[in-house]
Protein chains: 2
Amino acid sequence: MPVTLKDIAERVGYSITTVSRALAGYDDVAESTRQLILKTAEEMGYRPNATARRLRARRTDTIGFVIPTHGPRFSDPFFSELLAGIGNEAARWELDLLVSTRAPGEEELAAYQRMVTERRVDGLLVVRTRRQDPRIAYLLEKGFPFVAFGRSDLGADFPYLDVDGRQGVRELTEHLISLGHRRIGYISAPLDLMFASHRLEGYKDALEAHGIPLDERLVVIGRLTEQSGYEAGRALLEREEPPTAIIACNDLMALGVISAAQSLGLQVGRNVAVAGFDDIPLAAHAQPPLTTVRQPIYEIGRRICQMLIQLLREGSPEEPHVILRPRLVVRESCGSTRPKGGETDDAELQTYPQQTIRSIPNPVVDKGGVR
Amino acid sequence: MPVTLKDIAERVGYSITTVSRALAGYDDVAESTRQLILKTAEEMGYRPNATARRLRARRTDTIGFVIPTHGPRFSDPFFSELLAGIGNEAARWELDLLVSTRAPGEEELAAYQRMVTERRVDGLLVVRTRRQDPRIAYLLEKGFPFVAFGRSDLGADFPYLDVDGRQGVRELTEHLISLGHRRIGYISAPLDLMFASHRLEGYKDALEAHGIPLDERLVVIGRLTEQSGYEAGRALLEREEPPTAIIACNDLMALGVISAAQSLGLQVGRNVAVAGFDDIPLAAHAQPPLTTVRQPIYEIGRRICQMLIQLLREGSPEEPHVILRPRLVVRESCGSTRPKGGETDDAELQTYPQQTIRSIPNPVVDKGGVR
DNA sequence: AGTATAACCCAAAACGTTTTGGACGTCAAG
DNA sequence: CTTGACGTCCAAAACGTTTTGGGTTATACT
């Protein structure tokens, strides 16, 4: 039987109002009374009922996050890290985080609708935006607060943070070209994913800038999993004229490509170059270490969460449209001649100094009450 | 401005009570009235307010899950898959899932306390149990419903599901011994983790059964990350008398060991055997594919969630103590001579039919008679 | 003495729902 | 004509909190 304001009120002989106001730190309560109430509340182990508060405040102090999966499962380290970033930022502001995992489709949209219409959350985080993204269209139509990781082609305005994947892949591709590669395979993700088409553009940009004609047989579409990268990698490498380098549009697939190459007896970094995108922790420890394009995933999680909080608290994020520039990370998988075992391999300890991260005023100010 | 029962009541000219009861399907509402109300509610886009419902029902229809991390981040695919299992099962029952990520310690316990005392959730899932686990002690003391993944040494009874890690590692170790290995390195996790000490026992069991004396210099403790496995692997392999095989108590560290071995110019599967535990999706696609002990992570997530739901709905899970027997999965990393590229590599499609699920003798048998 | 001011306190309403315990009318049976 | 049963409906309470708009008392000032 949890303790309520009423219980305290009865015990101390004051009204519920007074107890509530004493606990909340209002100054229209005598100091002696407040002390008594504080002490009694402490003794009785009072903790306010979150649900009642929410009903009264017409706020849930909860944000929602639907993790996109392929099939029922997910084990993409990318989302793990994103989730950690979001979760820790939410915790800093004493917000709850409601999480679902759904494969794109009807059920996914239904999950959004449930959160919105039944007012389970105050705002939503939308990740992995898609062409004509129905989630975004829905939220815009409802006027429901959200922040997206990724842009859209809906032609509507909404707050987002994105990474310039086009630029990132362009740099990566140019790096490979500068190493002498001309036949560069590219493993994309389904093109209804915004980031997939952005990154593919970057690949095309680089080829064009260097006068290399696009060979469509070198471009295949994967499902973003390692398994899928493995299959796509084998398919590319078993062609009559195989590519000398392969770019996968995420690290997980790139790891699959490494695996595929090795299963064919190729030496990655010597016989074939492989590169990815994301810089998940596994990338640095792959054998050989994976050349990739780093996006600061954990920080991205924090920042989109921050933006959503600003949107919720102040009506709009300080900066509603943020594009981060990713950074090329050259490692051995594309045959670079960097010294091995260098200290920069220590990805876990790296921060992103080039990243400008604005701090937000101040998260939770404890007034000293029970609240 | 969301639609409430009151809005509908005003529109149709009936009371709030009648609207509520019509919507809820009670039979004390005239059929014609019900139709009108149903139609109007539909038109107006009525959806019940979850918070109000919860307050009234004194239930949150939400379960909580605190993901343990090391440091602020986490990217252990193990938890991703577990989360997916939990999340999908929760969704099936229309339950919300409240997620936090916390490193073990004070803040972690505070997260539990917050969920419990402020009644944010109806029940909790506790994973990666520890010696004298303070979370479990706390929940038991409060009498708060929870289900654990992993046993405890608190000497108290509570519902849990666990995998027999001792048996799993024992089989794994015996497999290596049968291949002729005598100097087998072992990378454990911190021993306050219950699963870590269980698995270590399995290792010792196997050595003892085969008359191999335990060499303590071959046992090191890692932090469960790939980075940590890499470091521990190097440390072991750079000894004067290096082990000929290394077992890591989870796959992520085993991947690090593979990386370490290769960085020293060793060929994994030929010069040194490496094995892990978990069978995360990456294990099958490592190069060489990783010998490991499979636990059906996704299913475990579903099941502990199921157990919690039973506990919440019926007072106790059907089977409050479940121990799953894991299965040895032999792949090339320990030098097996299995044909390569076999179809069984397709881990994503596999189910676990061979899983025998023993329940532990049940002291109290509910006869389910008349009361 | 009367009145303004400050200090302290509280009843009631509100958030949106579900449930309790009836009320009212009609109709059939006695 | 009375009684009981049935079919419909609803006022009010309850969940636990916060806020509004006061009220009461003592003190200080004219």
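Order of the sequence lines fixes the chain letters, A, B, ..., with proteins taken first and strands second; residue numbering starts at 1 for each chain.
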**Message:** I'd like to know if B/Arg56 reaches the base of C/dT18 with its side chain, counting only an N/O donor and acceptor under 3.5 Å.
**Reply:** yes

note: B/Arg120, atom CZ; D/dG16, atom P; distance rounded to Å ~ 16 Å

B/Arg54 CZ to D/dT17 P, in whole Å, measures 17 Å

(message) Between the base of C/dC8 and the side chain of A/Asp28, is there a donor and acceptor pair under 3.5 angstrom?
(response) no

Separation of C/dA7 atom P from A/Arg34 atom CZ, nearest Å, is 14 Å

| task | Indicate yes or no: at least one non-hydrogen side-chain atom of B/Asp96 is less than 4.5 angstrom from one of A/Arg114. | result | yes

Any salt bridge linking A/Asp153 with A/Arg131? Criterion: basic side-chain nitrogen under 4.0 Å from a carboxylate oxygen.
yes

Under 4.0 angstrom between A/Arg58 side-chain N/O and C/dG16 OP1 or OP2:
yes

Under a 4.0 Å heavy-atom cutoff, the residues of residues 9-18 of chain B touching DNA chain C are B/Ile16, B/Thr17

**OP:** Give one of base, sugar-phosphate or nothing for B/Ser20, where a contact means two heavy atoms less than 4.0 Å apart.
**Re:** base

When rounded to the nearest 0.5 Å, the distance separating CD1 of A/Ile304 from CG of A/Leu82 is 5.0 Å

**Message:** Applying a 4.0 Å non-hydrogen cut-off, can you work out what A/Arg21 is touching in the nucleic acid: base, sugar-phosphate, or nothing?
**Reply:** base

In whole angstroms, the gap separating P of D/dC9 from CD1 of B/Ile37 amounts to 8 Å

query = Are there more than 12 heavy atoms of other residues, nucleotides or ligands under 6.0 Å from atom CD of B/Glu314?
reply = yes

Review point. Looking at side-chain heavy atoms only, is the closest gap between A/Val127 and A/Phe79 below 4.5 Å?
Key: yes

Separation of C/dC15 atom C1' from A/Leu5 atom CG, nearest Å, is 15 Å

Classify the nucleic acid contact of A/Thr33 as base, sugar-phosphate or nothing, counting any heavy atom under 4.0 Å across all strands shown.
-> sugar-phosphate

Rounded to the nearest 0.5 Å, the CZ atom of A/Arg135 sits from the CZ atom of A/Arg102 at a distance of 13.0 Å

Of the listed D/dC9, D/dG16, C/dC8, the closest approach to the B/Val29 side chain comes from D/dC9

Taken to the nearest whole Å, NZ/A/Lys6 to C1'/C/dA12 is 15 Å

OP1, OP2 of C/dT17 versus side-chain N and O of B/Tyr46: anything below 4.0 Å? yes

Examine D/dT8: is either OP1 or OP2 under 4.0 Å from a nitrogen or oxygen in the side chain of B/Tyr26? Give yes or no. no

Original post:
Under a 4.5 Å cut-off applied to non-hydrogen side-chain atoms, are B/Ser100 and B/Met115 in contact?
Top reply: yes

Presence of donor-acceptor pair under 3.5 Å, side chain of B/Arg53 and base of C/dT17:
no

DNA chain D nearest-nucleotide lookup for B/Arg119 and B/Asp27: closer to the 5′ end is B/Asp27

Assert: residue with more 5' nearest nucleotide on DNA chain D, out of B/Glu31 and B/Ala52, is B/Glu31

Between CG of A/Leu55 and C1' of D/dG16 the distance, given in whole Å, is 9 Å

I'd like to check B/Glu318 versus B/Gln306 (side-chain heavy atoms, cut-off strictly below 4.5 Å). Are they in contact? no

Separation of D/dT17 atom P from A/Asp61 atom CG, nearest Å, is 15 Å

